[in-house]
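Structure record follows, encoded as structure tokens.
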Protein chains: 2
Amino acid sequence: MRQPPDRRQPAARPGVDRRNGASLAMVAARAGVSVATASRVINGVANKASAETAERVRAAVADLGYRPGSVGRALRRQESRIVGVLAANLANPSMAAIASSIEWSLRGEGLVMSLCDTHERADVQDEYIREMRAQLVRAMIFVGAVDSPALDEVRADGDTLVFVNRPDPGDPTSPYVGIDNVAAGAEIAERILERGVRRIGVLHASLDRTAGHWRLLGLFDRLQAAGIDTASLPRASGPGLDHIVIGYQGMARLLELPVPPRVVVCLSDLLAYGAYRRAREAGLEVPGEVAFFGFDDNPINPWIADWLNSVRVPSDHYGPAIVALLQQLWRGERPPPLYLTHQLTMRSPRLPG
Amino acid sequence: MRQPPDRRQPAARPGVDRRNGASLAMVAARAGVSVATASRVINGVANKASAETAERVRAAVADLGYRPGSVGRALRRQESRIVGVLAANLANPSMAAIASSIEWSLRGEGLVMSLCDTHERADVQDEYIREMRAQLVRAMIFVGAVDSPALDEVRADGDTLVFVNRPDPGDPTSPYVGIDNVAAGAEIAERILERGVRRIGVLHASLDRTAGHWRLLGLFDRLQAAGIDTASLPRASGPGLDHIVIGYQGMARLLELPVPPRVVVCLSDLLAYGAYRRAREAGLEVPGEVAFFGFDDNPINPWIADWLNSVRVPSDHYGPAIVALLQQLWRGERPPPLYLTHQLTMRSPRLPG
DNA sequence: CTGCCAAGGGAAATCGATTACCCTCTTGCG
DNA sequence: CGCAAGAGGGTAATCGATTTCCCTTGGCAG
């Protein structure tokens, strides 16, 4: 970590001249005990040191400002204190917020987060999975996983995996934390139906195994139950990861229809932002002439996007929920999917149409 | 990493029964060479293996799907492939975007990001600094550092440190990457002055050694040069980290003044969002009756906040710039501050007042 | 023919912490 | 009194990869 790497001259005596603070050997030497005893005191192994010895070791630790090196420990235990978090798209503020929540909760457990952005690409995800494995991570958390060979490997090997917001594409029974996307979609349908609106449109990005897929399922199921032919509802989408642009372009297509929708359900807030812009450019009043529904409920919505009805994803609850799930997994349990409570905030309760 | 930790029964033969894929010993055995030779082939040490031997080793690597374990390597080299990124506040989308850019660039170098959120707290930052050190990180990148004892230690020890967007609070000559906040502040002043506006207000969060401090400096310097008494300009601030709320409350106070400002300079976009909301609640037209300036230029601004003039911080350029700086530092150079180009986007060119 | 150097490659030390195994005392109990 | 159990603590193996010494062989110049 220092600038002149200079590894030519290893330290003669144990730990002396170490760059990285004190080593266990130094602590042991200072306390006049063996490294074994020092290690046991530090790790609180009972019946292995007299009160007086333990005190000497603790004093040495304090004097030297010793902190156990994570690397040596990880090598011996074949397990580090790192938890890998693989997010599909950090540019999405919703995923960033979840990552932040995870980080904070892991810290409370003495764990460290290593954060990766897979950009929704299987090859990148695989590269990261292998690297996390090489780091002997204690668990891997996928905030939006994609199907990939290495994912199959680690699943088969019994590694501790948690899938957030998007179920394991390869095994629906894998541990899951997130909102109930199907129920949330149905809830939007409910709000629309009870207001009698029928000119409904949908905007989405890729639906391939994403949360959007389930959101749409819930929405359509409920609409269909009310006698609406969902197959004929106008929909628009687009390629890429930039939801805002997809929303803008998709809305443009919806507006070209002979009978444009009056209520547009966007499967993410970002899509709604882009769509909003397009609607305004078309001279439409929002939410007077066209209203929007979104998902995630970005915290800025109440401040500068009060036209957007959105399903609040409780980012802050993800970290604690995931940590709780991890602990169950480490105890050997096989916990059921953990659904966090979402809430649909109606900022424009009166819908046009 | 697996569920039954079960370390009681160590593998009898080297690497057999390993949970984590192949080890170097297995590769060496399969290729019929020593681990030393295998290691040298894998690391491309010249003149240490015949072409034929090298080929056998590479074949064994491919057969076994071997990947070097990062932990063993880190222990031996006293340096891991991890780079610690300590961000002051991940809830700020601007910092999250920078972290994302850093992550992507580090990946290009075969490095891994470990991301921490210090919440602007010295004690949390210290805890993370020590943990990163225990991980033998190759460098630490501070996206908004606060003054703290452990920071002084690592600086004194010559660890590789990079300060992003906020200079090292303890040593202004430490490596820096970010926009020129002073110049950006001055640029806003320039735009305001050339339109003849004099009823100027300022909203900011804590200024203590933050980027805001320098932004304000540049703004005031330029205003003062134009004969404006900056000391008497209305300003508002508030405690905490939630810039939106601070902006909302601060704007409330500005609007209570006998002569409320017509142009409000917010030292971050989030402050402007909160202030916008308050202005609208007061029945003011934005930007007709009161206009706003912000910093960071959140990517959503052009879509749903077209009333906001903002200084674009080129998040995407941070990663490459930081990696370039790191490489200079690792070569032993002492690079000067690296200023990224910012750009003030005027979305409401006509200012009220 | 001798000495030297380079190429090729192996044995073993090393990084730091954990832990199995062993040894030595006490102490308590039959 | 004898002996088992447990407290207290040291020695050394171990995790996986890197790297320092070595050793051997050939080739080539002197």
Side-chain angles (χ1 to χ4, degrees), chain A residues 5 7-29 31-54 56-57 66-81 133-136, chain B residues 5 7-29 31-54 56-57 66-81 133-136:
Chain A
R7 277 180 286 282
R8 312 281 116 183
Q9 196 65 39
R13 285 159 297 162
V16 175
D17 189 34
R18 268 188 80 226
R19 18 162 83 56
N20 206 59
S23 73
L24 188 57
M26 290 172 68
V27 171
V33 299
S34 70
V35 290
T37 300
S39 172
R40 288 190 282 241
V41 169
I42 289 169
N43 291 295
V45 177
N47 292 339
K48 274 305 193 178
S50 66
E52 187 230 352
T53 306
R56 279 214 317 282
V57 172
Y66 170 74
R67 173 179 184 119
S70 304
V71 178
R73 175 201 300 249
L75 180 58
R76 174 62 223 241
R77 310 259 306 248
Q78 288 295 292
E79 175 178 88
S80 74
R81 297 219 314 291
R133 223 161 192 235
Q135 299 280 353
L136 302 177
Chain B
R7 276 179 290 281
R8 315 278 117 183
Q9 197 63 39
R13 286 158 297 160
V16 174
D17 189 32
R18 268 188 79 227
R19 15 161 84 54
N20 205 60
S23 73
L24 187 57
M26 291 172 67
V27 171
V33 299
S34 69
V35 289
T37 300
S39 172
R40 288 189 282 241
V41 169
I42 290 169
N43 291 294
V45 176
N47 291 340
K48 274 307 193 176
S50 66
E52 187 230 350
T53 306
R56 279 215 316 283
V57 172
Y66 170 73
R67 174 179 183 116
S70 304
V71 177
R73 175 200 300 249
L75 180 60
R76 175 62 225 238
R77 310 260 303 248
Q78 288 294 293
E79 176 178 89
S80 73
R81 297 218 315 289
R133 227 165 189 233
Q135 300 279 356
L136 302 177

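Sequence lines set the chain letters: A, B, ... in the order given, protein chains first and strands last, and positions in each chain run from 1. In this text the structure is predicted, and so the values were computed from the model without any measurement.
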Can you check whether T53(B) has a side-chain N or O nearer than 4.0 Å to OP1 or OP2 of dG9(C)?
yes

Distance-only donor-acceptor test (3.5 Å): side chain R77(A), base dT18(C)
no

dG16(C) phosphate, OP1 or OP2, under 4.0 Å from Q78(B) side-chain N/O:
yes

Would you name the heavy atoms of V35(B) and A25(B) that are closest together and state the gap between them?
CG1-CA, 3.7 Å

Minimal non-hydrogen separation, A38(A) against L24(A), with atom names
CB-CD1, 3.8 Å

If I compare all heavy atoms of G32(B) with all of R56(B), which pair ends up nearest, and what's the gap?
O-NH2, 3.9 Å

Work out which heavy atom in V71(A) is nearest to a heavy atom in L75(B); give both atom names and the distance.
CG1-N, 3.5 Å

With respect to the side chain of Y66(B), which nucleotide from dA17(D), dT18(C), dT11(D) is positioned closest?
dA17(D)

Does the dT18(D) base have a donor-acceptor partner in the side chain of R73(B) within less than 3.5 Å?
no

Starting from C1' on dC15(C), measure out to CE on M26(A) and report it in whole angstrom.
15 Å

As an exercise, state the distance from CZ of R81(B) to OG of S70(B), rounded to the nearest 0.5 Å.
4.0 Å

Compare side-chain N and O positions of S23(B) against OP1 and OP2 of dG16(D) and report whether any pair is under 4.0 Å apart.
no

Any N or O donor-acceptor pair linking the side chain of R40(B) to the base of dT20(D) at under 3.5 Å?
yes

Looking only at atom types and distance, does a side-chain atom of S80(B) sit under 3.5 Å from a main-chain N or O of Q135(B), one as donor and one as acceptor?
yes

Between dG9(D) (C1') and R56(A) (CZ): distance, integer Å:
11 Å

For DNA chain C, which residues in residues 42-51 of chain A have a heavy atom at a distance below 4.0 Å?
N43(A)

Could you check how far CG of L75(B) sits from P of dA17(C), rounded to whole Å?
9 Å

Just the rounded figure in Å: distance from C1' of dC15(D) to CZ of R76(A).
7 Å

Axis bend over the full length of the helix from dC1(C)-dG30(D) to dG30(C)-dC1(D), computed from five pairs that close each end, to 10 degrees:
60°

Looking only at side-chain N and O atoms, does S34(A) come under 4.0 Å of OP1 or OP2 in dT11(D)?
no

In whole angstroms, the gap separating C1' of dG16(D) from CD of Q135(A) amounts to 13 Å

Between dA17(C) atom P and E79(A) atom CD, what is the distance in whole Å?
17 Å

Please output the side-chain donor-acceptor pairs of residues 39-49 of chain B that fall under 3.5 Å, not counting sequence neighbours, one pair per line with the distance.
{"unit_1": "S39(B)", "atom_1": "OG", "unit_2": "N43(B)", "atom_2": "ND2", "d": "3.3"}
{"unit_1": "N43(B)", "atom_1": "ND2", "unit_2": "S39(B)", "atom_2": "O", "d": "2.8"}

Please check the phosphate of dA17(C) (OP1 and OP2 only) for any side-chain N or O of S39(A) closer than 4.0 Å.
no

Specify the separation, in whole Å, of atom CG of L136(A) and atom C1' of dG16(D).
9 Å

Assign each of G72(B) and A38(B) the nucleotide of DNA chain C bearing its closest heavy atom; nearer the 5' end lies the nucleotide of A38(B)

